[in-house]
There are 2 protein chains.
Amino acid sequence: MRLTTKGRYAVTAMLDLAFHSQVKPVTLTDIAARQTISLSYLEQLFARLRRAGMVKGVRGPGGGYKLCRKTSEINIADIISAVDESLDSTKCGGEANCQKDQACLTHALWMGLSEQIRNYLEDISLADLLEKNQVQDVAKRQHYEVHQAIEIHRHPE
Amino acid sequence: MRLTTKGRYAVTAMLDLAFHSQVKPVTLTDIAARQTISLSYLEQLFARLRRAGMVKGVRGPGGGYKLCRKTSEINIADIISAVDESLDSTKCGGEANCQKDQACLTHALWMGLSEQIRNYLEDISLADLLEKNQVQDVAKRQHYEVHQAIEIHRHPE
DNA sequence: ACTTAACCTAGTAAAATAGTCAACTATTAG
DNA sequence: CTAATAGTTGACTATTTTACTAGGTTAAGT
């Protein structure tokens, strides 16, 4: 399991979706605006998330995306796996033949680490994250920030 | 702490160095040949490892690199930190202002994960890895593999 | 019909990764 | 001393991944 910014974008978007889609579907346009991620990049990410069966797209006006499962049944490891092409960190895909049909020196190390990270992230669900007060606070602020985003950048000449 | 192939290369090279440098310094040329990493890429990695005070270069004939500390005092997290420029996985470098001076939604998550991974890797020293039989076996095989690399790929016509 | 928003394709800019090349310096064996 | 060794450095190239843009098509609601 690699850890890059791509997975972070996906988790952030899913968290935003989980928070805002309780009533009706959420458009990618909204997520893009709130999380400052480009719309088309979100489309790419959500195409993968949809193929992985994690979200469902609803077309037409009033449409958007919603979660396929409950927030307590969606864990972070799955989200990252869905958007990350090569989810093995061992180069040989667990085949242990990275180098001339031999296990590479650090093969066991990376397998162990990969498992460790996966275990950690599998135990964290979107629901867990939503429960945390800090996240809710941030999300609320992002909800209303538009109205207050002005009047800051005025410095004396 | 990000996890990419770059860090893996560094750990592999350091492990090779730890194994072979017990008597005399090891040249990057040797490591490059054994681990099939390009010499110049190794030079880049070892330049960073040297600046981080983990290895020492010995010039002239019979020279090469050797470890500055004992294998039991070099952990994997330090190696990865040394070669990886941006060792924070939070985009804002722990400043919690990734987005318009606010903590991003997933800030706490990535901080926790980063710490988790670091803890895991800090507890593993080069000595630990060397002790593992599997690693020693592989290293020995790599020592002698040249003599046996033929006669495999003959299949009946 | 018209709008909305998912869905899809192709391309592209920027960054990180991986590797190359060439010049230079310090060391040491002979 | 000299030549060979091997680290040191910087600039440069190629590839891949990441992030984004532009343009469409399709399905659903009004």
Side-chain angles (χ1 to χ4, degrees), chain A residues 1-13 17 20-21 24-33 35-68 80 82-89 91 98, chain B residues 1-13 17 20-21 24-33 35-52 54-68 80 83-89 91 98:
Chain A
M1 168 156 290
R2 279 188 320 160
L3 287 182
T4 64
T5 52
K6 194 174 189 178
R8 189 156 64 244
Y9 274 112
V11 173
T12 304
L17 178 58
H20 290 97
S21 71
K24 60 184 180 70
V26 175
T27 68
L28 292 189
T29 310
D30 286 353
I31 298 178
Q35 306 305 330
T36 55
I37 307 172
S38 92
L39 175 60
S40 298
Y41 195 47
L42 275 179
E43 283 177 348
Q44 278 181 44
L45 297 178
F46 273 77
R48 287 170 188 266
L49 292 170
R50 190 172 49 80
R51 282 183 222 120
M54 312 194 74
V55 298
K56 189 176 178 337
V58 180
R59 293 183 167 195
Y65 279 95
K66 54 185 185 182
L67 300 176
C68 280
I80 294 178
V83 297
D84 234 342
E85 202 82 8
S86 58
L87 47 85
D88 76 285
S89 64
K91 198 175 195 175
C98 346
Chain B
M1 168 156 290
R2 280 188 320 160
L3 287 182
T4 63
T5 51
K6 196 174 188 176
R8 189 156 62 244
Y9 274 116
V11 174
T12 304
L17 178 58
H20 291 98
S21 71
K24 60 185 179 67
V26 175
T27 69
L28 292 189
T29 310
D30 287 352
I31 298 178
Q35 307 305 331
T36 54
I37 307 172
S38 93
L39 175 60
S40 300
Y41 196 47
L42 276 179
E43 283 174 349
Q44 279 181 42
L45 297 179
F46 272 78
R48 287 169 187 266
L49 291 169
R50 190 175 51 78
R51 281 183 223 120
M54 313 194 74
V55 298
K56 190 176 179 337
V58 180
R59 293 182 169 195
Y65 279 96
K66 54 185 184 182
L67 301 175
C68 280
I80 294 179
V83 298
D84 233 344
E85 202 81 9
S86 58
L87 47 86
D88 76 283
S89 64
K91 198 177 195 173
C98 347

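No hydrogens, no waters, no symmetry mates; every other heavy atom, side chains included, goes into these values. Since this is a predicted model, take the numbers as computed values, not measurements.
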Using atom [atom1] of [X] as one end and atom [atom2] of [N] as the other, report the distance to the nearest whole Å.
X: B/Lys24; N: C/dT28; atom1: NZ; atom2: P; answer: 15 Å
X: A/Phe46; N: D/dA19; atom1: CZ; atom2: P; answer: 15 Å
X: B/Lys6; N: C/dA18; atom1: NZ; atom2: P; answer: 8 Å
X: A/Leu42; N: D/dA19; atom1: CG; atom2: C1'; answer: 11 Å
X: A/Leu45; N: C/dC7; atom1: CG; atom2: C1'; answer: 14 Å
X: A/Arg50; N: C/dC8; atom1: CZ; atom2: C1'; answer: 9 Å
X: A/Met54; N: C/dA6; atom1: CE; atom2: C1'; answer: 19 Å
X: B/Arg48; N: D/dT8; atom1: CZ; atom2: C1'; answer: 15 Å

Where each residue is assigned the nucleotide of DNA chain C containing its nearest heavy atom, which of A/Gly64 and B/Val58 is assigned the position nearer the 5′ end?
->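 That would be A/Gly64.
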
On the nucleotide [N], are OP1 or OP2 found under 4.0 Å from the side-chain N or O atoms that [X] carries?
X: A/Ser40; N: D/dA19; answer: no
X: A/Tyr65; N: C/dA5; answer: no
X: B/Arg59; N: C/dC24; answer: no
X: A/Tyr41; N: D/dA19; answer: yes

Inter-residue atom distance [X].[atom1] - [Y].[atom2], 0.5 Å rounding:
X: B/Glu43; Y: B/Arg50; atom1: CD; atom2: CZ; result: 11.5 Å
X: A/Leu17; Y: A/Tyr65; atom1: CG; atom2: OH; result: 10.0 Å
X: A/Arg48; Y: A/Asp84; atom1: CZ; atom2: CG; result: 8.0 Å
X: B/Asp30; Y: B/Gln35; atom1: CG; atom2: CD; result: 11.0 Å

Look at all strands and tell whether B/Thr29 reaches a base, only sugar-phosphate, or nothing, counting heavy atoms closer than 4.0 Å.
->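 Here B/Thr29 touches no strand at all.
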
Give A/Leu28 one of three labels, base, sugar-phosphate or nothing, depending on what nucleic acid heavy atoms sit under 4.0 Å from its own.
->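 Result for A/Leu28 = sugar-phosphate.
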
Presence of donor-acceptor pair under 3.5 Å, side chain of B/Gln44 and base of C/dG19 =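 In this structure, the two groups form a donor-acceptor pair.
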
Closest heavy-atom contact between A/Gly7 and A/Val83?
->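 It is CA-CG2, 4.0 Å.
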
5'-most by nearest nucleotide on DNA chain D - A/Gly62 or A/Glu43 |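 Per heavy-atom nearest nucleotide, the more 5' residue is A/Glu43.
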
Out of D/dA6, D/dT8, C/dT27, which has the shortest distance to the side chain of B/Pro61?
->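 Among the listed nucleotides, the one closest to the side chain of B/Pro61 is C/dT27.
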
